[in-house]
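Quantities reported herein were computed from a predicted structural model and do not represent experimental measurements. Convention: sequence-line order gives letters A, B, ...; per-chain numbering from 1.
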2 protein chains.
Amino acid sequence: MVLNANRKPMLDGQECETSGWDMGNCPVRDVLDRIAGKWSTLLLEALARQPYRFGELRRLVPDISQRMLTQTLRDLQRDGYIEREVFPTKPPSVEYRMTELGRSLFEPLSKVLQWAEANHPSVKAARVKYDESELA
Amino acid sequence: MVLNANRKPMLDGQECETSGWDMGNCPVRDVLDRIAGKWSTLLLEALARQPYRFGELRRLVPDISQRMLTQTLRDLQRDGYIEREVFPTKPPSVEYRMTELGRSLFEPLSKVLQWAEANHPSVKAARVKYDESELA
DNA sequence: ATTGTTGGTCTCAAAAAGAGACTAGCGCTA
DNA sequence: TAGCGCTAGTCTCTTTTTGAGACCAACAAT
């Protein structure tokens, strides 16, 4: 399905097919598809504050399933945003902490989070307006 | 219908306050869950540049299905990020354009996109490293 | 008369996510 | 000592979401 596999990346991006913009072969997509998951941002937000253990994260985000917690943490680890350390205690405990790469990502990301918090009322208002006009 | 019907009950009595932080009933989540979709950012990025018509967007993002394009555009419209205008031409054409709210969101969001572009190599490297250690 | 274009919707299959049971070794306790 | 819970997960099953593609109606050009 990689239609644009061998076109120029959008680095300086003037030369691509549709008004100078290659959507298919985009590094931004490759990175963003991972952090755009439903739980990724939430976990990054938590781990930006402090390290947490698996069970702590599970309690912190009450409506995540263990399955998705494991999976999301592993994805974030694979992309280098968080680290996983196992302590060989009696019941072994695992701690997750943010890496430097993760922190550098979280810097711009937290701005979006702040925007979301600040503009939540506007978005809710827009939804109401839309739903009313749809009702007609 | 399925799309707009998913308003979550959002258990208001339940609090999961951990170190002064409510994860469950978070406005940030409410907003972010919408723009964190696979295609949302891509479409916002396109419409931040200029207005586009339905078919133009479909061609611009070659691997999106019409179904998801319709759905994502409608979500973005409902949350007030984009506007939809129908021109009653013989084959009626529809133009999508970004609103002011959308632009104000895209400002911090574009920073994340820039980060993604700049740090794509680091992320790829992290993946390679992880996959190698997994291989053992 | 056929083909193509417009912006969708509809159906069905595939993929992803959610729910919950199950694991193993240890500590506590009844 | 049998039972229970704690740890961090995995495994399976069901439900939800997504993807692929057919279909629509009116009109324009071939």
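- For Arg53(A), whose side chain is taken as the heavy atoms from C-beta onward, the closest listed nucleotide among dT7(D), dT10(D), dT18(D) is dT7(D).
- Residue Trp39(B) has a polar side-chain atom (N or O) positioned under 4.0 Å from OP1 or OP2 of dG19(D).
- Between Leu43(A) atom CG and Lys38(A) atom NZ the span is 12.5 Å, to the nearest 0.5 Å.
- Pro108(B) approaches Leu105(B) most closely through the heavy-atom pair CD-O, 3.1 Å.
- Here the nucleotide nearest the side chain of Val94(A), chosen from dA8(D), dT18(D), dT7(D), is dA8(D).
- Taking each heavy atom of Thr99(A) and Glu83(A) in turn, the nearest pair found is CG2-CG, 3.3 Å.
- Judged by closest nucleotide on DNA chain C, Pro92(B) is the one of Ser65(A) and Pro92(B) placed further toward the 5' end.
- Between the OG atom in Ser65(A) and the CG atom in Leu69(A) there is a gap of 8.0 Å [rounded to 0.5 Å].
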N/O donor-acceptor pairs under 3.5 Å from side chains in residues 90-98 of chain B, not counting sequence neighbours:
| residue | atom | partner | partner atom | Å |
| --- | --- | --- | --- | --- |
| Glu95(B) | OE2 | Arg97(B) | NH2 | 2.3 |
| Tyr96(B) | OH | Arg84(B) | NE | 3.2 |
| Arg97(B) | NH1 | Glu85(B) | OE1 | 3.1 |

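- Distance Gln71(B) CD to dA20(D) P: 14 Å, rounded to the nearest Å.
- Contact between the side-chain N/O atoms of Lys38(B) and the OP1/OP2 oxygens of dT17(D) is not found at any separation under 4.0 Å.
- The distance from atom NZ of Lys90(B) to atom C1' of dA28(D) is 9 Å, rounded to the nearest whole Å.
- For DNA chain C, the span of nucleotides reached by chain B at under 4.0 Å from its heavy atoms goes, 5' to 3', from dT6(C) to dT11(C).
- Looking at heavy-atom distances under 4.0 Å, Phe87(A) makes no contact with the nucleic acid at all.
- Contact annotation for Arg58(A): no contact, since no heavy-atom pair falls under 4.0 Å across all strands.
- For the pair Tyr52(A) OH and dT7(D) C1', the computed distance is 19 Å after rounding to whole Å.
- What you find for Ala46(A) and Leu60(A) is that their closest heavy atoms are CB-CD2, 3.7 Å.
- With DNA chain D read from its 5' end, the first of the two nearest nucleotides for Arg74(A) and Pro91(B) is the one closest to Arg74(A).
- Between the CE atom of Met68(B) and the P atom of dT16(D) there is a distance of 17 Å, rounded to whole Å.
- Base contact: Arg67(B) has a heavy atom under 4.0 Å from a base atom.
- Computed from coordinates, the Glu85(A) CD to dT7(D) P distance equals 18 Å when rounded to whole Å.
- Taking each heavy atom of Ser104(B) and Asn119(A) in turn, the nearest pair found is OG-ND2, 4.4 Å.
- Summarising the geometry, the separation between CD on Gln66(B) and P on dA20(D) is reported as 12 Å, rounded to the nearest angstrom.
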